[in-house]
Amino acid sequence: FQGHFSWEKYLKETGASAAPASCFRQSLTPPVNEFKAGMKLEAQDPRNTTSTCIATVVGLTGSRLRLRLDGSDNKNDFWRLVDSSEIQPIGNCEKSGGMLQPPLGFRLNASSWPLFLLKTLNGAEMAPPRIFHKQEPPAPEQNSFQVGMKLEAVDRKNPHFICPATVGALRGVEVQVTFDGWRGAFDYYCRYDSRDIFPVGWCARTGDNLQPPGTKAVMPKTSGPLTDGAVETSAVHTTPAVSKGGGQRGRKPGRRKVKGSWSQKA
Ligand code: MLZ
């Protein structure tokens with residue numbers, strides 16, 4: 001349930017305007033989601049992006065899939081749009097000369113991977129190639145966001161959530177996504193053509209669920225106690241969440257309550 005959040009009312013109340021759809025790298029008609037729970041496909045390992053792995057659809061939310069890598073645990077699920085270029089039908093990797101890899105954090109001994117792979121694919125329901133989307137929508141030519149515009153954005157610390165947000169700042173090709181009502185605790189910078197940001201109304205049209213804004217009053221933008229990283233300087237990475245791999249071993253995306261090394265920090 002989303003507590004009947006209405007963008008129409010909210011935009012009126014805040015006197016803000018929605019970022020036009022042309023700012024986003026999203027298709028104008030949201031991509032149809034014909035996947036089903038249990039289907040298997042190939043996906044880039046979010047923690048080790050040079051690896052292509054087998055993933056199982058463990059949930060569906062609007063135009064997104066909740067994915068779990070076969071041989072991994074249930075603490076590292078990730079979400080992808082059905083038109084993401086990071087998911088492919090099974091067979092694609094081999095066709096292009098690659099080899100399927102065990103996920104980072106493979107539960108078993110590395111030597112048991114070949115047999116595991118055989119078993120996991122045996123009798124599996126493979127997502128049929130026709131339900132994949134030919135390509136991702138093209139990126140808009142330039143960053144045309146403006147500070148103050150409203151949008152919907154994936155909360156990268158809780159990636160199952162899409163939440164109302166505001167463009168807080170612009171920095172070349174980057175946009176600062178600030179989450180309404182959360183005092184900066186979940187904010188991040190991303191490229192203007194990130195697949196994690198959507199025009200107002202996206203969730204309503206795709207059937208994904210939009211979280212209502214937080215209830216924390218907006219504070220003047222300095223580091224308050226909530227957002228202050230003070231002591232843990234050693235925990236600060238410059239790697240954007242989910243996209244780069246290797247160093248994130250054992251990390252649990254979406255499980256962290258407080259600010260972590262995840263955030264954006266470029
Ligand atoms: N209830 C959790 C998730 C907050 C999600 C915020 N999204 C912008 C918390 O309070 O940490």
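Computed from a predicted model, the values in this text were never measured in an experiment. Note that ligands are numbered from 1 as they come in the structure, with each ligand's atoms numbered from 1 the same way.
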Under 4.0 Å from one or more heavy atoms of Phe179, ligand 1 contributes atoms 8 (C)
- Ring centers of Phe145, Phe24 separated by less than 6.0 Å: yes
Donor-acceptor pair between Glu152 and Trp7 side chains, under 3.5 angstrom:
yes
Atoms of ligand 1 under 4.0 Å from any heavy atom of Asn158, numbered from 1 in the order shown, are 3 (C), 5 (C)
query: Taking the six-membered ring of Tyr189, is NZ or CZ of Arg171 closer than 6.0 Å to its centre and within 45° of its axis?
result: yes
Review point. Any side-chain donor-acceptor pair under 3.5 Å between Asp70 and Thr56?
Key: yes
Note: ligand 1 atoms sitting under 4.0 Å from heavy atoms of Cys163 are 7 (N), 8 (C)
